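Pasting a structure below so you can have a look.
For clarity, every value in this text was computed on a predicted model and none was experimentally measured. The analysis underlying the following values was restricted to heavy atoms, covering all of them including side chains, and did not include hydrogens, waters or symmetry mates.
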Amino acid sequence: MPDTDEYDGRSRKAVGARLRLTRQAVGLDQNAFAEAAGLKRTRYTMIENGTNMPSIEAATLLCDRYHLTLDWIYFGEMSGLRTATSDAIRKIRYLRHELNEHD
């Protein structure tokens, strides 16, 4: 697997990609993911699409609801995530990489 991909970095796009990956790892659509964290879907969609960076308040709501860390959301550091979450994220990343290798 390459060292860098769309999920690495600190840009709005990378943060959004990590949140999309996290949402997919927990198996929810955007509406359910946002609503369970106390965010409006439209606000969350703009974050996930990389249009807006999540505020600290929004990121904290996501951390509290999904046991994430600010380090994961803003910097891509997985070490503080629950094992089940990080394993699910790694599996999705691996599968996407494999699919891209065979295209």
Practice item. Give the minimum heavy-atom separation between Ala14 and Gly9, together with the two atoms involved. Key: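 Shortest heavy-atom contact: CB-O, 3.6 Å.
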Review point. Taking Arg18 for the side chain and Tyr74 for the main chain, is one N or O donor matched with an acceptor at less than 3.5 Å?
Key: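 Such a contact is found between Arg18 side chain and Tyr74 backbone.
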Point to revise | Joint hydrophobic cluster, Met46 plus Leu39, side-chain heavy atoms closer than 4.5 Å | key: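 No: no chain of side-chain contacts under 4.5 Å links Met46 to Leu39.
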Check your understanding: With distance as the sole test, does Asp29 use its side chain to make a donor-acceptor pair with the main-chain N or O of Asn31 at under 3.5 Å?
Key -> yes
Study note, to complete from the structure: Output for pair (Leu19 CG, Thr45 OG1), nearest 0.5 Å, gives 11.5 Å
Check your understanding: Which atoms form the tightest heavy-atom contact between Ala37 and Leu61, and what is the distance?
Key -> O-CB, 3.4 Å
**Study point:** From Leu21 atom CG to Thr85 atom OG1, the distance as rounded to the nearest 0.5 Å
**Key:** 11.0 Å
Review point. Angle class for the Phe33/Tyr66 ring planes (parallel below 30°, perpendicular above 60°, tilted otherwise)?
Key: parallel
Review point. What closest approach, in Å, do Arg65 and Ala36 show between heavy atoms, and which atom pair accounts for it?
Key: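 Arg65 and Ala36 have their closest heavy atoms at CD-O, 3.3 Å.
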Review point. Closest heavy-atom contact between Glu77 and Thr69?
Key: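 Closest approach of Glu77 to Thr69, heavy atoms only: O-OG1, 4.1 Å.
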Exercise for review: Answer yes if Leu70 and Tyr44 sit in the same cluster of Ile, Leu, Val, Met, Phe, Trp and Tyr residues linked by side chain heavy atoms under 4.5 Å apart, and no otherwise.
Suggested key: yes
Review point. Can you tell me how far the CD atom of Gln24 sits from the CZ atom of Arg96, to the nearest 0.5 Å?
Key: 4.0 Å
**Study point:** Rounded distance [0.5 Å steps], CZ in Arg10 versus CE in Met53
**Key:** 10.0 Å
Check your understanding: Between Tyr7 and Met78, is a side-chain contact (heavy atoms from CB on, under 4.5 Å) present by the stated rule, with each step listed?
Key -> CA-CA 11 Å; Tyr7 310 107; Met78 294 181 79; over 6 Å; no
Review point. So which of Arg20, Arg43, Gln30 actually passes side chain to side chain donor-acceptor pair (under 3.5 Å) with Glu48?
Key: Gln30
Review point. So how far is it from Ile92 CD1 to Arg23 CZ, rounded to the nearest 0.5 Å?
Key: 9.5 Å
Revision key, fill the gap. Distance col, row Ile47:CD1 vs Thr42:OG1, nearest 0.5 angstrom, shows 10.0 Å
Review point. Is a side-chain donor-acceptor pair under 3.5 Å present for Trp72 with Thr22?
Key: yes
